[in-house]
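Just so we're on the same page: letters track the sequence lines, and every chain starts at 1.
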Amino acid sequence: MLCRIGCLWLNWRMISSKRLGRSFFDRPTLQVARELLGTRLVRMEGEQRTAGIIIETEAYIGEKDLGCHASAGVTPRTRVLYGPPGRAYVYFTYGNYWMLNFVTEREGFPAAVLIRGIVPTEGIDRIATRRAGRPPKHWTDGPGKICIALEIGKAQNNNDLCVHDAEIFVEFGENIPDSCVTPGPRVGLNGVPEPWKSIPWHFLARYEPQGA
DNA sequence: AGCACGATTAACT
DNA sequence: GTTAATCGTGCTC
């Protein structure tokens with residue numbers, strides 16, 4: 001009886017959960033990158049939520065993709081990319097900035113989605129403090145800015161997004177129709193040879209926050 | 001140990 | 001439009 005109740009409770013948790021599970025990330029990276037648009041990125045800081053709607057993503061897929069860090073093979077840094085899907089890959093670049101990615105596809109295949117833009121929805125006061133002096137329009141419109149606004153750094157690298165007490169996770173959001181999505185080349189790959197430099201693995205959503 | 005570079009940002013002209 | 005800042009990472013010696 002107790003077991004039955006336990007199972008029902010677990011089922012209820014699964015069905016009613018607003019969170020994306022591991023199966024969401026264990027799929028082709030382009031599909032994950034596209035479908036992440038409109039979902040909600042949540043950063044737990046103790047009991048407080050800081051969050052925003054994801055509106056811009058980029059896919060980095062495998063060792064053959066010369067724009068992907070995994071083109072260098074397994075190194076201390078890229079090890080996370082080869083790990084199981086549904087983990088955070090957080091790396092440091094340009095001497096100043098952290099970048100948040102979600103690892104995708106099966107364990108052993110290195111791929112991830114970079115989170116490039118969100119629209120803040122919760123914890124606005126904390127975001128405003130961390131982005132002080134900048135206009136709201138530029139609070140979270142870049143991958144480095146998102147990590148500043150949500151206080152994401154080295155400590156979150158390799159974090160599992162799909163456990164109950166995750167610091168970072170993603171919730172289902174509203175559906176973004178294809179008519180509101182603009183694919184294009186990935187940003188910042190100037191030294192990367194074609195076709196990787198121009199391949200349209202960047203996804204930008206036109207998103208109108210409620211009431212605007 | 002040394003070197004070149006980077007999935008950026010902010011402040012310039 | 002251009003460019004400086006800044007340092008971990010990966011590669012070579």
Side-chain angles (χ1 to χ4, degrees), chain A residues 25 28-37 39 41 43 52 54-83 85-105 109-120 126-159 161 168 170 181-205:
Chain A
F25 299 98
T29 306
L30 288 176
Q31 203 175 338
V32 176
R34 163 64 180 85
E35 293 181 20
L36 276 170
L37 299 176
T39 64
L41 169 63
R43 167 77 161 110
I54 295 173
I55 60 160
E56 192 178 358
T57 60
E58 273 174 0
Y60 290 86
I61 312 174
E63 295 182 344
K64 290 177 185 167
D65 173 5
L66 296 182
C68 180
H69 291 163
S71 60
V74 183
T75 67
R77 179 173 67 161
T78 62
R79 187 176 46 83
V80 177
L81 286 171
Y82 290 80
R87 303 263 187 108
Y89 170 50
V90 183
Y91 71 89
F92 184 75
T93 193
Y94 289 107
N96 276 305
Y97 303 104
W98 296 92
M99 307 283 141
L100 172 66
N101 300 251
F102 300 148
V103 176
T104 57
E105 313 211 24
F109 184 86
V113 174
L114 171 69
I115 308 303
R116 283 198 72 91
I118 67 174
V119 175
R126 287 183 292 284
I127 292 176
T129 300
R130 292 171 192 147
R131 301 291 295 140
R134 281 87 182 179
K137 179 179 166 61
H138 295 305
W139 280 352
T140 54
D141 61 341
K145 300 177 190 181
I146 290 171
C147 289
I148 294 169
L150 302 188
E151 263 187 13
I152 291 168
K154 188 178 197 170
Q156 283 70 46
N157 189 34
N158 207 24
N159 270 20
L161 313 175
I168 299 169
V170 186
V181 176
T182 309
R186 295 172 294 180
V187 176
L189 302 191
N190 274 333
V192 174
E194 300 289 1
W196 312 109
K197 180 180 170 183
S198 301
I199 200 164
W201 287 356
H202 171 268
F203 300 94
L204 174 66

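Distance alone, capped at 3.5 Å, places no donor-acceptor pair between the T78(A) side chain and the L81(A) backbone. Remark: the backbone N or O of P136(A) is not paired with any side-chain donor or acceptor of R131(A) at under 3.5 angstrom. In this structure, T104(A) contributes its side chain and T29(A) its backbone to no donor-acceptor pair below 3.5 Å.
Shown here for K145(A) and T140(A), the closest heavy-atom pair between the two residues is CB-CA, 4.2 Å.
The stretch residues 62-79 of chain A touches DNA chain B through G67(A), H69(A), each having a heavy atom within less than 4.0 Å of the strand. Taking every heavy atom of residues 145-158 of chain A and every atom of DNA chain B, pairs under 4.0 Å involve K145(A), by number. Of all the residues in residues 87-102 of chain A, F92(A), Y94(A), G95(A), N96(A) reach under 4.0 Å from DNA chain C with at least one non-hydrogen atom.
The shortest side-chain heavy-atom distance between L150(A) and I127(A) falls under the 4.5 Å cut-off. Inter-residue side-chain proximity for Y91(A) and R77(A) is flagged as met; some heavy-atom pair is nearer than 4.5 Å. At a threshold of 4.5 Å between non-hydrogen side-chain atoms, the residues W201(A) and W196(A) count as touching. By the 4.5 Å heavy-atom criterion applied to side chains, L41(A) and L100(A) are counted as neighbours. Contact annotation: the side chain of F102(A) approaches that of I54(A) to within less than 4.5 Å [non-hydrogen atoms, C-beta and beyond]. Between V90(A) and N159(A) there is no side-chain heavy-atom pair separated by less than 4.5 Å. Looking only at side-chain heavy atoms (C-beta outward), N158(A) and Y89(A) stay at 4.5 Å or farther from each other. Looking at heavy atoms from C-beta onward, N190(A) lies in side-chain contact with K197(A) at the 4.5 angstrom threshold.
The footprint of chain A on DNA chain B, defined by a heavy-atom cutoff below 4.0 Å, extends from dG6(B) to dA10(B).
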How does DNA chain B look in dot-bracket notation if pairs are Watson-Crick or G-U with both distances under 3.5 Å, crossing ones as [ ], other-strand ones as |? ||||||.|||||.
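Salt-bridge check for E151(A) with R130(A): passed, with a basic side-chain N closer than 4.0 Å to an acidic carboxylate O. Between E58(A) and R186(A) there is no salt bridge, since no side-chain N of the basic residue sits under 4.0 Å from a carboxylate O of the acidic one.
Nucleotides of DNA chain B nearest to R131(A) and L81(A) differ in position, and the one nearer the 5' end is that of L81(A).
Using a 4.0 Å heavy-atom cutoff across all strands shown, L189(A) reaches sugar-phosphate atoms only and no base atom.
For W98(A), the ring pair (Phe, Tyr, Trp, His ring centres under 6.0 Å) test picks out F92(A), with sequence neighbours left out.
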